[in-house]
Amino acid sequence: MAAPAGAKLKTSAFEMPGEGPSLAISVATVLVLFALWFIVTNTGRVSPLFLPTPQAVFAQFCQYLTGQANDKPLWQHFLASMLRVFSAFSLACATAIPVGIAMGMSRWWRGIADPPLEFYRPLPPLAYLPLIIIWFGIDELPKVLLIFLSCFAPLALAARQGMRSASQEQINAAYSLGASYMQLIGHVILPSALPEILVGMRIAIGFGWTTLVAAEMVAADIGLGQMVLNASNFLRTDIVIMGIIVIGVVAYLFDLLMRWLERRLVPWKGRM
């Protein structure tokens, strides 16, 4: 019997681990969590001070979206945070990836860059935030720098690890075909490292959004993190949760974009 047109042919009777779509499961999980939140808060089991109702959170979202809240409109907070996060992320990509590539290709670079990276990588941003304020003041620079430092280490380490992804057989085959050292790096090692680098970018942007609230503690008067911190000072839990949801949704959308880029740029990942 012929397979229907457009159907994906199955070439093996064995299933790969994790095979199959998961979108329906994810949607169902979100709906269940939302239903539990609605039931628990609307039956009075939890005080609105600790967990407001979804209706209250949505009402605050509408007020901020339309500029009716007693604060700056949501789009101004959003643009300020986006500018800080993506400025720091772009700068981290431009510097950390070359450093990671150099660490993967040179023992001298690895010996120089590895100690400071491994020293500050486990440190929480709040640990060195006071030093950044003392050294660079309270303008935009310390905010961007704090996010930059949170993105730099995972990007550099991912690039370094990716440079080891090329197999010895691929390297020997390139040399046997007359490739030079720079051709080997450009045509064999860097394409092999690209999946690891893209994963590092996904992790780094997640760290960037995680550090956003800490970064906007530095005398910020606008931004999603500042909005959440200011609302927490007045026990406005509905605004806090609204801000957390907005930050999480934006970070998730960017992660989806990175996954799409990964499928387009490295379609061979997982198939070799």
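Bear in mind the structure is a predicted one, so any value in this text is a computation, not a measurement.
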Assigning hydrophobic clusters by single linkage (Ile, Leu, Val, Met, Phe, Trp, Tyr; side-chain heavy-atom cutoff under 4.5 Å), is [X] placed with [Y]?
{"X": "Leu253", "Y": "Leu83", "result": "no"}
{"X": "Trp209", "Y": "Val144", "result": "no"}
{"X": "Val46", "Y": "Leu36", "result": "no"}
{"X": "Leu261", "Y": "Met201", "result": "yes"}
{"X": "Leu224", "Y": "Ile245", "result": "yes"}

Requested in this report: Would you please test Leu79 and Ile222 for side-chain contact (heavy atoms from CB on, under 4.5 Å) and show each step?
Outcome: CA-CA 9 Å; Leu79 287 180; Ile222 192 170; over 6 Å; no
For the atom pair [atom1] ([X]) and [atom2] ([Y]), what is the distance rounded to the nearest 0.5 Å?
{"X": "Ile132", "Y": "Phe148", "atom1": "CD1", "atom2": "CZ", "value": "10.5 Å"}
{"X": "Leu129", "Y": "Ile134", "atom1": "CG", "atom2": "CD1", "value": "10.0 Å"}
{"X": "Ser87", "Y": "Lys143", "atom1": "OG", "atom2": "NZ", "value": "13.0 Å"}
{"X": "Ile239", "Y": "Asn70", "atom1": "CD1", "atom2": "CG", "value": "9.0 Å"}
{"X": "Arg107", "Y": "Asp114", "atom1": "CZ", "atom2": "CG", "value": "14.5 Å"}
{"X": "Met163", "Y": "Met105", "atom1": "CE", "atom2": "CE", "value": "5.0 Å"}

Quick check: are there more than 12 heavy atoms from other residues, nucleotides or ligands sitting under 6.0 Å from [atom1] of [X]?
{"X": "Ile138", "atom1": "CD1", "answer": "no"}
{"X": "Trp37", "atom1": "CH2", "answer": "yes"}
{"X": "Phe254", "atom1": "CZ", "answer": "yes"}

Smallest separation among heavy atoms of [X] and [Y], with atom names:
{"X": "Pro54", "Y": "Phe38", "answer": "CG-CA, 4.0 Å"}
{"X": "Ala204", "Y": "Cys151", "answer": "O-SG, 3.3 Å"}
{"X": "Pro52", "Y": "Thr237", "answer": "CD-CG2, 3.7 Å"}
{"X": "Leu146", "Y": "Pro125", "answer": "CD1-O, 3.8 Å"}
{"X": "Ala215", "Y": "Ile147", "answer": "CB-CG1, 3.8 Å"}
{"X": "Lys72", "Y": "Asp221", "answer": "NZ-O, 3.3 Å"}

Report task. Would you please test Leu117 and Met103 for side-chain contact (heavy atoms from CB on, under 4.5 Å) and show each step? Result -> CA-CA 11 Å; Leu117 270 178; Met103 290 172 66; 3.7 Å; yes
Note, [X] side chain near [Y] side chain (heavy atom, < 4.5 Å):
{"X": "Arg202", "Y": "Leu198", "answer": "no"}
{"X": "Ile39", "Y": "Arg45", "answer": "no"}
{"X": "Asp71", "Y": "His77", "answer": "yes"}
{"X": "Phe61", "Y": "Val246", "answer": "yes"}

Would you please name every residue forming a side chain to side chain donor-acceptor pair (under 3.5 Å) with [X], sequence neighbours left out?
{"X": "Glu216", "value": "Ser81, Arg84"}
{"X": "Asn230", "value": "none"}
{"X": "Arg110", "value": "none"}

Requested in this report: Quick one: do Glu196 and Arg160 satisfy salt bridge (charged side-chain N to carboxylate O under 4.0 Å, His left out)? Show the steps, please.
Outcome: CA-CA 9 Å; Glu196 292 282 352; Arg160 183 188 70 176; over 6 Å; no
Query - Working for side chain to side chain donor-acceptor pair (under 3.5 Å), residues Thr211 and Ser150 - result: CA-CA 7 Å; Thr211 315; Ser150 69; 3.2 Å; yes
Report task. Begin with the C-alpha distance, continue with both residues' side-chain angles, and end with the deciding distance and a verdict on side-chain contact (heavy atoms from CB on, under 4.5 Å) for Val250 and Phe78. Result -> CA-CA 10 Å; Val250 172; Phe78 175 75; 3.5 Å; yes
Requested in this report: Could you check whether the rings of Phe89 and Phe86 sit parallel, tilted or perpendicular, using 30° and 60° as the cut-offs?
Outcome: perpendicular
Query - Sequence-distant partners of Tyr128, ring-ring contact (aromatic ring centres under 6.0 Å, His included), two or more places apart - result: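 Expected list: none.
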Report task. List for me each residue that meets ring-ring contact (aromatic ring centres under 6.0 Å, His included) alongside Tyr64, sequence neighbours excluded, and say none if there are none. Result -> none
Report task. Would you mind listing every salt bridge (charged side-chain N to carboxylate O under 4.0 Å, His left out) that reaches into residues 225-254, with sequence neighbours excluded? Result -> Arg236-Asp238
Report task. May I ask you to decide if Ala102's main-chain N or O and Ser106's side chain share a donor-acceptor pair within less than 3.5 Å? Result ->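 Here the side-chain-to-backbone pair does not exist.
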Query raised in the report: For residues Asn42 and Gln55, is any side-chain donor paired with an opposing acceptor at under 3.5 Å?
Result: yes
Report task. Start with the C-alpha gap between Leu155 and Ile203, add the side-chain angles, then the distance that decides, and say whether side-chain contact (heavy atoms from CB on, under 4.5 Å) holds. Result -> CA-CA 8 Å; Leu155 271 171; Ile203 296 172; over 6 Å; no
Query raised in the report: Going by an N to O cut-off under 4.0 Å, is there a salt bridge joining Glu118 and Arg121?
Result: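 Looking at Arg121 together with Glu118, the answer is yes, because their closest N to O distance falls below 4.0 Å.
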